[in-house]
> 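Supplied in structure tokens, the structure appears directly below.
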Amino acid sequence: MIASLSRELAGRGHRVVVGCRAGTMLARMVRDARLPHAALDFGRLAPLARELDALMTREHVDVVNSHGTGDRRALTWLRWRRRLDGRLS
């Protein structure tokens with residue numbers, strides 16, 4: 001589902017970066033679709049939050065589509081620390 005949505009959005013002119021674990025089926029599908037991939041480690045909340053913060057800053061991210069508990073918690077953690085204020089829709 002994520003790879004399909006990402007391909008469609010990219011095909012309509014949106015810049016898409018897919019963040020997921022390296023070596024997963026999703027990572028392979030994203031690579032095969034020639035979409036940008038950011039390898040993320042979902043093992044611990046604080047490091048993941050820092051990785052997401054750096055990625056969103058570096059890539060000038062406007063929208064995040066979160067599909068898992070780990071990324072939702074990390075994004076909530078960033079919101080509580082006011083790292084997302086004015087950055088994301």
Side-chain angles (χ1 to χ4, degrees):
M1 186 72 152
I2 296 168
S4 177
L5 174 63
S6 298
R7 276 193 309 273
E8 287 296 317
L9 288 170
R12 293 177 183 206
H14 297 279
R15 190 175 54 83
V16 176
V17 178
V18 178
C20 63
R21 288 180 179 89
T24 61
M25 182 186 298
L26 176 57
R28 287 188 299 275
M29 292 172 78
V30 168
R31 182 195 64 227
D32 292 347
R34 294 194 168 108
L35 294 171
H37 168 252
L40 298 172
D41 179 359
F42 291 83
R44 298 198 52 203
L45 176 64
L48 175 59
R50 285 191 296 271
E51 284 183 72
L52 286 170
D53 188 28
L55 174 67
M56 291 184 297
T57 299
R58 184 177 61 250
E59 298 294 334
H60 306 285
V61 171
D62 294 317
V63 176
V64 173
N65 188 357
S66 176
H67 284 267
T69 302
D71 49 343
R72 286 185 190 123
R73 286 183 179 160
L75 291 165
T76 300
W77 191 83
L78 290 170
R79 173 70 72 196
W80 288 343
R81 281 151 186 79
R82 302 215 181 275
R83 295 293 300 156
L84 302 182
D85 289 350
R87 274 201 345 204
L88 295 180
S89 301

> Heavy atoms only: give me the nearest Gly23-Arg28 pair and the separation to one decimal.
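Taking Gly23 first and Arg28 second, the nearest heavy atoms are O-NH1, 2.9 Å.
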> If you take all heavy atoms of Ala38 and Val17, which pair is closest and at what distance?
CB-CG1, 4.1 Å
> Identify the two heavy atoms, one from Leu48 and one from Gly70, that lie closest to each other, and give their separation to 0.1 Å.
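Of all heavy-atom pairs spanning Leu48 and Gly70, the closest is CD2-O, 3.5 Å.
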> Rounded to the nearest 0.5 Å, what separates atom CG in Leu45 from atom CZ in Arg73?
8.0 Å
> Are more than 12 heavy atoms from other residues, nucleotides or ligands located less than 6.0 Å from atom CZ of Arg44?
no
> Minimum heavy-atom separation for His37 and Ala22, please, with both atom names.
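Smallest interatomic distance, heavy atoms only, reads CE1-CA, 4.3 Å.
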> Starting from Leu9, can I reach Leu35 by hopping between I/L/V/M/F/W/Y residues whose side chains sit under 4.5 Å apart?
yes
> With a 4.5 Å heavy-atom cut-off, do Leu78 and Met56 have their side chains touching?
yes
> Would Val30 and Leu40 show up in the same hydrophobic cluster when neighbours are defined by side-chain heavy atoms closer than 4.5 Å?
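No, Val30 does not connect to Leu40 through the hydrophobic network.
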> Taking only residues two or more places apart in sequence, or in another chain, which ones meet Ser66 in a side chain to side chain donor-acceptor pair (under 3.5 Å)?
Asp71
> Leu52 and Phe42: same hydrophobic cluster, using ILVMFWY side-chain contacts below 4.5 Å?
yes
> Mind listing the closest non-hydrogen atom pair of Thr24 and Arg21 along with its distance?
OG1-O, 3.0 Å
> What's the separation between atom NE2 in His67 and atom SG in Cys20, rounded to the nearest 0.5 Å?
11.0 Å
> Is it possible for you to say whether Trp77 and Val64 belong to one hydrophobic cluster, with membership spreading through side-chain heavy-atom contacts below 4.5 Å?
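As far as the 4.5 Å side-chain criterion goes, Val64 and Trp77 are connected within one cluster.
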> Rounded to the nearest 0.5 Å, how far apart are CZ of Arg31 and CG of Leu26?
11.5 Å
> What are the two closest non-hydrogen atoms of His60 and Arg15, and how far apart are they?
O-NH2, 3.6 Å
